[in-house]
Structures are given as C-alpha cells and as structure tokens.
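Below, read A as the first sequence line, B as the second, and so on, with proteins coming before strands; counting in each chain starts at 1.
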Number of protein chains: 2
Amino acid sequence: MNAGPDASTPSPPQPTRPARGRSTRQKTAVNRALDERQDFVSAQELFALLKERGEQVSLATVYRILQQQQREGRVDVLNPDDGEALYRRCAVQTHHHHLVCRQCGRAVDIEAPAVERWTARIASEHGFTEAEHTVEIYGTCPDCSRP
Amino acid sequence: MNAGPDASTPSPPQPTRPARGRSTRQKTAVNRALDERQDFVSAQELFALLKERGEQVSLATVYRILQQQQREGRVDVLNPDDGEALYRRCAVQTHHHHLVCRQCGRAVDIEAPAVERWTARIASEHGFTEAEHTVEIYGTCPDCSRP
DNA sequence: CTACATGCAAAGAATTTGCAAATCA
DNA sequence: TGATTTGCAAATTCTTTGCATGTAG
C-alpha cells in the first residue's frame, strides 16, 4: 500500500474517514467494543465478547464489519503465526508499528522514522520497487509477566 | 545480505541441528526441491511442484516434513496477510530478515544488527520481556518489475 | 420504497490428525 | 523386527459467501 515510507509527512488533519454505510445496532456494538478494549483481539474473541455482553451480532457480521473498517483504515490488523488475525482500533491513524503482548493483546504504538527509512533503503538498494514492510514486536507485558 | 562466514562472530548458538529421523524418498524429494528453488513457496506450491516432477509425495507429508524442518530450524517461514504460509531454505542459519518479491517469491537475506538492537530497546523501555520480532520487507524484484 | 445490512447455514481453504499399511535401519 | 513414516480421508479452524429477510434513510 504505502510505497514510499515518508516519515516527514506532517500529520494530516484527516483522522478518521467518516464511517461508511448505514449506522446499525451491530456496527455500534462492534465499534463500542473496539473502542473500549483497545487491545488486539481476534474476530472470534470479539464475537464471544459481544455475545457474553448480550449484544446480538452474528459472527459473519463481525467479520464483515471488521474488514470494512480495515478497508477504511479504522482498524489495524496483525497476522501472527498461529493463523488467527488480530484486530485493534488504534489511536494513531498514521503508519506505525506495534509492541504487542502475547498474553493479553495489549499494545503500544511505535513510530520509528529511522526504521521506515531503513526498509526503504534496503529495498531500493536491491532494486525492489513498491516496497512495503511488516515490523511487529511481540513480548510479554509488565502486567502479564508479574507472577 | 552478506551472510558469509564471519570469523569474528563469537561462538554462534548451534543453529543447524542434524537432520532428524530417517531418510526417506519423500524427505529427499522435498529437500531437493527446497534446495534448488531457494525462493519462498507455499506448501501447496511445493506439493504441486513435486507432483509435476513425478515425485510421489502426499500433501500431508509435505506439511509434516516442512513443519519438522521448521522445528529443526532448517527452513524459514513467512506468514503473509493472504493466509498461506511460505517456506524457504535459507542460506543463513542465524537470525535474519527478508526482502521478498511478491511475484516470484525470490528473497534476499537481510541482517541488521541495528534493527535487532532497536527492537530490543523498544521492548525493554516498555517493560516487555521475552521480546521477539517480525521484520519483513515485501516488494517487486527487478526481474518482475520489468515490463 | 429500496438499496444496503444481517443472519444462517453451507462453502472454502489451509492445515492437522487418526489409523492402517509401507518402509528404513 | 520394530519404530518411523506415509497416504488417505476425515476432521478442524478460521473466514467467506449465497440468499432470503430485515431495516435505515
């Protein structure tokens, strides 16, 4: 997507694209859950969470809403090795990375212009074009490592 | 990129465990294919490739061999967004990253001590322990971008 | 009213697993 | 021989889709 990591771009005053489509009970519920729990969660977890809470939203709809928001750039997505995608409503809308807790999904947004520049340089040095990159750090957060 | 014998490296943590288990026709075939085609391929592609070539190996076995080698640290695995894991026999056995062509799977090994240090620092600054990271660069290689 | 949203169940895909038969050492 | 390996098919998981019905605007 982002072909030229341009860290020097001044934060554009265009935060969240206005939510598309109609406003429905389901979207509201999903959004509320995402806003409250600002940790990475899987679609299935989110679904369980909503159900537990009494909200009636089908799993398919959760997936649909999630991918719609992904398209709109309103949620960040992670693809860990274990085959379950993780979603999160991020504070920052600009390109950034994450330091994620494996246990609870809690995450810290990381911005690192130096890394952006580095990846761009590596790619161009090897003649690769349209470079994108993936940089995520996984660990155990202070709370979860406390015995 | 340069992964050559580094005499100055302090005793490297024994990465290449001797191939385990028995040697079989199937393992030989899979290994040969992996060694020849040193690009990232999915299990399914590898399976098709072997079949095409006349080698008789079942898909399940390809998966089993691949995950065994992964455990042994003999292949690197990538988890792109599109849900298919990609495997590759790497020249380097030490920790490194990749610059991968989206089209053909061709990859360049990248070593970047600075990035390693950076991720470790970020994690510890936030009190995260047992930090690991994912750093991959995707792009279009010179050959594939040629019209 | 009518295009978009949702629910449900079925479909898909990638990967794993149970188990009997084949095979390497 | 005897423990591994393999093949095959069935099972699992996460995710997507088809279609009839519901509903926001």
Side-chain angles (χ1 to χ4, degrees), chain A residues 17-34 39-72 74-88 100 102 105, chain B residues 17-34 39-72 74-88 100 102 105:
Chain A
R17 216 178 315 174
R20 288 187 143 223
R22 300 171 174 169
S23 120
T24 65
R25 170 174 54 77
Q26 292 84 337
K27 276 178 193 163
T28 306
V30 169
N31 282 324
R32 205 154 53 82
L34 278 176
D39 295 334
F40 276 95
V41 283
S42 69
Q44 312 266 357
E45 286 170 327
L46 199 53
F47 171 64
L49 202 148
L50 290 169
K51 173 181 284 183
E52 193 177 284
R53 194 189 268 203
E55 302 282 11
Q56 280 200 266
V57 186
S58 78
L59 178 59
T61 297
V62 171
Y63 273 109
R64 278 188 281 232
I65 294 177
L66 247 21
Q67 57 184 35
Q68 177 186 300
Q69 303 226 5
Q70 180 183 355
R71 255 179 265 124
E72 292 166 10
R74 296 162 48 70
V75 300
D76 277 10
V77 186
L78 244 47
N79 290 85
D81 303 9
D82 67 339
E84 237 193 350
L86 300 177
Y87 304 81
R88 182 203 194 208
V100 192
R102 298 192 189 78
Chain B
R17 220 171 318 174
R20 287 185 143 222
R22 300 171 174 168
S23 118
T24 65
R25 171 174 55 78
Q26 293 83 337
K27 275 179 192 163
T28 305
V30 169
N31 281 324
R32 205 153 53 83
L34 277 176
D39 295 334
F40 276 95
V41 283
S42 69
Q44 312 266 358
E45 286 171 328
L46 200 53
F47 171 63
L49 202 148
L50 290 169
K51 174 183 284 184
E52 193 178 282
R53 196 188 264 205
E55 303 282 10
Q56 282 201 264
V57 186
S58 78
L59 178 59
T61 297
V62 170
Y63 273 110
R64 278 188 281 232
I65 294 177
L66 246 21
Q67 59 184 32
Q68 179 187 301
Q69 301 226 3
Q70 180 182 355
R71 253 179 266 124
E72 292 165 11
R74 297 164 47 70
V75 299
D76 276 11
V77 186
L78 243 47
N79 289 84
D81 302 10
D82 67 339
E84 238 193 348
L86 300 178
Y87 304 82
R88 183 202 194 208
V100 192
R102 296 192 191 78

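- Taking NZ from Lys51(A) and CG from Leu59(A), the interatomic distance works out to 8.5 Å, rounded to the nearest 0.5 Å.
- Side-chain contact between Glu55(A) and Phe47(A): absent, with no pair of heavy atoms (C-beta onward) separated by less than 4.5 Å.
- First and last contacting nucleotides of DNA chain C toward chain A (any atom under 4.0 angstrom from a heavy atom, 5' to 3' order): dA3(C) to dC8(C).
- In summary, of the residues considered (Arg64(B), Gln68(B), Gln69(B)), a side-chain contact (heavy atoms from CB on, under 4.5 Å) with Lys27(B) occurs for Gln68(B) alone.
- When heavy atoms are screened at a 4.0 angstrom cut-off, Gln67(B) is found touching the sugar-phosphate backbone but no base atom.
- In terms of heavy-atom proximity, Ser42(B) sits nearest to Glu84(B) at OG-OE2, 3.4 Å.
- dG25(D) atom P lies 14 Å from atom CZ of Arg25(A), rounded to whole Å.
- In this structure, CG on Asp76(B) lies 5.5 Å from CZ on Phe40(B), to the nearest 0.5 angstrom.
- Counting non-hydrogen atoms under 4.0 angstrom, Gln56(B) reaches the backbone sugars and phosphates but no base.
- Residue contacts shown for Ser42(A) are absent, as no nucleic acid heavy atom lies under 4.0 Å away.
- Each of Asn31(B), Leu86(B), Leu34(B), Val30(B) was compared with Val75(B) under the side-chain contact (heavy atoms from CB on, under 4.5 Å) criterion, and only Leu34(B) meets it.
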Pair Arg32(B), Arg53(B) - check side chain to side chain contact (heavy atoms under 4.5 Å, CB included), show working.
CA-CA 12 Å; Arg32(B) 205 153 53 83; Arg53(B) 196 188 264 205; 3.8 Å; yes

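- Rounded to whole Å, the distance from CD on Glu84(B) to C1' on dT13(D) is 16 Å.
- For the strand DNA chain C, secondary-structure stems (runs of at least three Watson-Crick or G-U pairs, all distances below 3.5 Å) span C:1-25 with D:1-25.
- Between Tyr63(A) and dT15(D) there is a side-chain polar atom (N or O) within less than 4.0 angstrom of OP1 or OP2.
- Thr61(B) contributes atom OG1, which lies 11.5 Å from atom CG of Leu66(B) (distance to the nearest 0.5 angstrom).
- Whole-Å rounding puts the Ile65(B) CD1 to dT4(D) P distance at 17 Å.
- Distance CG (Leu59(B)) to P (dA11(D)): 18 Å, rounded to an integer number of Å.
- Rounded to whole angstrom, the span from the CD atom of Gln26(A) across to the P atom of dG22(D) amounts to 14 Å.
- Between the CG atom in Leu46(A) and the CD1 atom in Ile65(A) there is a gap of 9.0 Å [rounded to 0.5 Å].
- Rounded to an integer number of Å, the gap from NZ of Lys27(A) to P of dG22(D) is 19 Å.
- Each of Ala60(A) and Arg22(A) was matched to the nucleotide of DNA chain C holding its nearest heavy atom; the match closer to the 5' end belongs to Arg22(A).
- Look at CG on Asp81(A): it is 16 Å from C1' on dT13(D), rounded to the nearest Å.
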